[in-house]
Amino acid sequence: DRALTYALEGPAVLTLLASLVLAVAFLTLAAPPASAGHSQLLSTSPADGSVLAAPPSEVVFTFDAPLLPDTPTVSINDADGQVVSSIHPAPDGDSVSIPWPTGTSPGDYQVAFRVVCADGEPLVGAITLTISDSGDAASSSTATAAPPATSQAVTATSSASATGAP
């Protein structure tokens, strides 16, 4: 009697166990990553790290989602961390820009941003630019994809003072 009971229960238990393992594996693979749904910086123009022979007319940040109005702040800081220009620009869909101030001298600059995308997630980040004092520019000023480290959700790290973000 007992041998018959174990023989019937053994395969049923194994089948149930295999089904549970497959269900957990499916749910794990089907779940979106933790970062899914959070907006991010897609590109900048000029590109982060650009060395320019002359100042750009403006710096543009493009995100993967529309920006909420009345939330962006963008500032340009010199190598000493002094604010050269800071504005609250109106977003243009998924982009925000700051005009480059006239009369800036050659040197290193950080352009920092703080925006809130349509998903409600605040983002802060910054890029660096060098305005060379010679006619030689080591890298172009074309837009490129932003590296993941240039922007972060405020909930992950609030580093406005460390990045110079407004």
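Keep in mind that this is a model prediction, so the values were computed, not measured.
- For the atom pair OG1 (Thr71) and NE2 (His88), the distance works out to 10.5 Å, reported to the nearest 0.5 Å.
- The two residues Asp94 and Ala65 have their closest heavy-atom pair at CB-O, 3.3 Å.
- Summarising the geometry of Leu129 relative to Ala47, their closest heavy-atom pair is CD2-O, 3.5 Å, with the distance given to 0.1 Å.
- Considering every non-hydrogen atom in both Ile87 and Ser97, the closest pair reads CD1-O, 3.9 Å.
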Exercise. Does the pair Val111 and Ile98 meet the rule for a side-chain contact (heavy atoms from CB on, under 4.5 Å), with working shown?
Worked result: CA-CA 9 Å; Val111 186; Ile98 184 171; 4.1 Å; yes
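- Here the side chains of Ile131 and Pro56 are in contact, with some heavy-atom distance below 4.5 Å.
- Expressed to the nearest 0.5 Å, how far OG of Ser86 lies from CD1 of Ile76 amounts to 9.5 Å.
- Here the shortest heavy-atom pairing between Pro72 and Leu68 reads CD-O, 3.6 Å.
- In this structure a side-chain-to-backbone donor-acceptor pair under 3.5 Å is present from Asp64 to Gln40.
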Problem set entry | Residue pair Ser132, Leu52: steps toward the side-chain contact (heavy atoms from CB on, under 4.5 Å) verdict | CA-CA 6 Å; Ser132 71; Leu52 308 169; over 6 Å; no
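- Formation of a donor-acceptor pair under 3.5 Å by the Asp80 side chain with backbone atoms of Gln82 is not found in this model.
- Between Asp70 atom CG and Thr73 atom OG1 the span is 10.5 Å, to the nearest 0.5 Å.
- Closest of all the heavy-atom pairs between Ile127 and Val59 is CD1-CG1, 4.0 Å.
- Using the six-membered ring where Trp is involved, Phe113 and Phe63 have ring planes that are perpendicular, over 60° apart on the 30 and 60° scheme.
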Exercise. Would Val115 and Val96 satisfy side-chain contact (heavy atoms from CB on, under 4.5 Å), going step by step from the backbone distance to the final call?
Worked result: CA-CA 9 Å; Val115 299; Val96 68; 4.2 Å; yes
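- Counting heavy atoms from C-beta on, the side chains of Val84 and Thr104 come closer than 4.5 Å.
- Residue Glu58 holds its CD atom at 7.5 Å from OG of Ser45, rounded to the nearest 0.5 Å.
- The closest side-chain donor-acceptor pair between Asp108 and Thr130 falls under 3.5 angstrom.
- Across Val74 and Pro89, no two heavy atoms sit closer than the pair CG2-CG, 4.0 Å.
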For this session: Check the pair Leu123 / Ser39 against side-chain contact (heavy atoms from CB on, under 4.5 Å), numbers first and verdict last.
Result: CA-CA 8 Å; Leu123 299 173; Ser39 299; 4.2 Å; yes
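- By the neighbour-count criterion of 12 heavy atoms within 6.0 Å, atom CG of Asp92 is sparsely surrounded, having that number or fewer from other residues, nucleotides or ligands.
- Residues Phe61 and Leu41 meet the side-chain proximity criterion, which asks for heavy atoms closer than 4.5 Å.
- Residues Asp48 and Thr128 are in side-chain contact: their nearest non-hydrogen atoms beyond the backbone lie under 4.5 Å apart.
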